[in-house]
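Worth knowing before you read on, the calculation uses all heavy atoms, side chains too, and leaves out hydrogens, waters and symmetry mates.
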Amino acid sequence: MDLINLRILDILDIVLVALLLYYIYKLVKGTAAINIFIGIVMIYLVWKLTQFLAMEMLSSVLGEFIGVGMFALIVVFQQEIRKFLLMIGSTNFGRRRKFLRQLKFIRDTPEDSITDVEALVNACKKMGETFTGALIVIKRNTSLDFVKTSGDELDILVKTPIIESIFYKNSPLHDGAMIVEDNKIVATRVILPVTNDRDIPLRFGLRHRAAIGITEKTDALAIIVSEETGQISYIKNGEFVIFKTPEELIEKIKRDLQ
């Protein structure tokens with residue numbers, strides 16, 4: 001019986017490690033850190049191989065390298081570690097379904113979102129047609145109070161005409177970001193932290209850099225309308241999310257808000 005339990009625990013151990021590595025891979029996928037991650041995995045596998053073959057000297061060198069390298073990993077992967085800890089720390093463990101949704105173990109229907117995503121996207125679509133710049137930040141779990149205080153606090157239901165009027169070029173509220181919590185506009189003219197990422201193409205202006213900055217530091221979502229091209233951009237976890245149609249964007253946002 002002990003042997004059977006040991007084998008079951010071994011299988012569980014392997015599955016959990018595989019899930020952990022997979023989720024880390026998803027965090028660094030598409031970034032420069034992916035090559036570093038692959039290199040670390042390869043060094044670790046070689047280290048285990050040298051241990052298995054009893055190559056004591058090489059195994060000792062690689063073991064020391066991996067031990068010291070853990071401190072370097074904290075520096076190299078600080079953004080990715082921040083995202084992972086932010087996801088864990090902002091999760092309400094009392095609501096297990098929400099936690100499982102964040103880990104992508106289960107999926108619910110997009111209708112679970114209470115935010116009027118259609119009104120947000122329709123407003124962005126209309127503003128794009130008139131080349132009206134806009135930056136909308138949608139709160140998820142992390143509090144946005146630290147940026148809300150930099151703007152003007154409101155308490156208005158999300159409606160397409162209201163969003164258009166806020167970002168109208170002659171409106172006193174159009175400059176800065178608009179914050180949406182649940183289904184209410186809670187702040188306008190908000191100043192957001194700007195990302196320090198130097199790899200962002202020069203064609204993206206301050207709105208896009210601010211959107212990337214707030215989604216790097218929190219789990220919020222951001223929608224941007226370019227004043228120059230009228231193009232709508234969607235940013236999550238500091239990265240651009242690709243979509244083809246406004247309808248697809250609506251579905252993506254609803255799913256991310258679950």
Can Val194 be reached from Ile224 by stepping across I, L, V, M, F, W or Y side chains whose heavy atoms are under 4.5 Å apart?
-> no
Using a 4.5 Å cut-off on heavy atoms from C-beta on, say whether the side chain of Phe167 contacts that of Thr188.
-> no
Can you tell me how far the NZ atom of Lys159 sits from the CG atom of Asn122, to the nearest 0.5 Å?
-> 12.5 Å
Hydrophobic cluster membership, Ile163 vs Tyr168, 4.5 Å side-chain cutoff | no
State, to 0.1 Å, how close Ile212 and Gly238 come at their nearest heavy-atom pair, and which atoms those are.
-> CG2-O, 3.6 Å
In terms of heavy-atom contacts, Val117 and Lys254 come closest through CG2-CG, 3.8 Å
Around Phe146, counting heavy atoms of other residues, nucleotides and ligands shown, do more than 12 lie under 6.0 Å from its CZ?
-> yes
In one Ile/Leu/Val/Met/Phe/Trp/Tyr side-chain cluster, 4.5 Å: Met55, Ile43 = yes
Scanning both residues in full, the closest heavy-atom pair of Val147 with Val190 reads O-CG1, 3.1 Å
Distance in Å, Ile114 CD1 paired with Asp182 CG, rounded so as to fall on 0.5 Å steps = 4.0 Å
So OG1 of Thr195 and CG of Leu206: to nearest 0.5 Å the spacing works out to 11.5 Å
State the NZ-CD distance between Lys148 and Glu153, to the nearest 0.5 angstrom.
-> 5.5 Å
State, to 0.1 Å, how close Leu135 and Ala211 come at their nearest heavy-atom pair, and which atoms those are.
-> CD1-CB, 3.8 Å
Compile the donor-acceptor pairs under 3.5 Å between side chains in residues 45-54 and protein atoms, sequence neighbours left out, one pair per line.
residue: Trp47; atom: NE1; partner: Ser59; partner atom: O; Å: 3.1
residue: Lys48; atom: NZ; partner: Gln51; partner atom: OE1; Å: 3.4
residue: Thr50; atom: OG1; partner: Val46; partner atom: O; Å: 3.3
residue: Thr50; atom: OG1; partner: Trp47; partner atom: O; Å: 2.6

Closest approach of Ala119 and Val158, non-hydrogen atoms and distance?
-> CB-CG1, 4.0 Å
Find the distance between CG (Leu192) and OG1 (Thr215) and round it off to the nearest 0.5 Å.
-> 9.5 Å
If every non-hydrogen atom of Ala177 is compared with every non-hydrogen atom of Val137, which pair is closest and at what distance?
-> CB-CG2, 4.3 Å
Which value, rounded to the nearest 0.5 Å, describes the distance between Asp219 atom CG and Ile214 atom CD1?
-> 10.0 Å
Salt bridge Glu247-Lys125, side-chain N to carboxylate O under 4.0 Å = no
Report yes if some heavy atom in the side chain of Lys217 is under 4.5 Å from a heavy atom in the side chain of Thr142; otherwise report no.
-> no
Can you find a pair of side-chain heavy atoms, one from Val121 and one from Phe243, that are under 4.5 Å apart?
-> no
Would you say Arg189 has more than 12 foreign heavy atoms packed within less than 6.0 Å of its CZ?
-> no
Please tell me if the side chains of Thr132 and Glu164 come closer than 4.5 Å, counting only heavy atoms from C-beta onward.
-> no
Taking the side chain as C-beta and beyond, is there a heavy-atom pair between Lys252 and Lys236 under 4.5 Å?
-> no
Any donor-acceptor N/O pair, Ser165 side chain to Ile162 backbone, under 3.5 Å | yes
With a 4.5 Å heavy-atom cut-off, do Asp256 and Ile138 have their side chains touching?
-> no
Note, Met178 side chain near Val180 side chain (heavy atom, < 4.5 Å) = yes
Check whether any side-chain heavy atom of Ile223 lies under 4.5 Å from a side-chain heavy atom of Ser233, and answer yes or no.
-> no
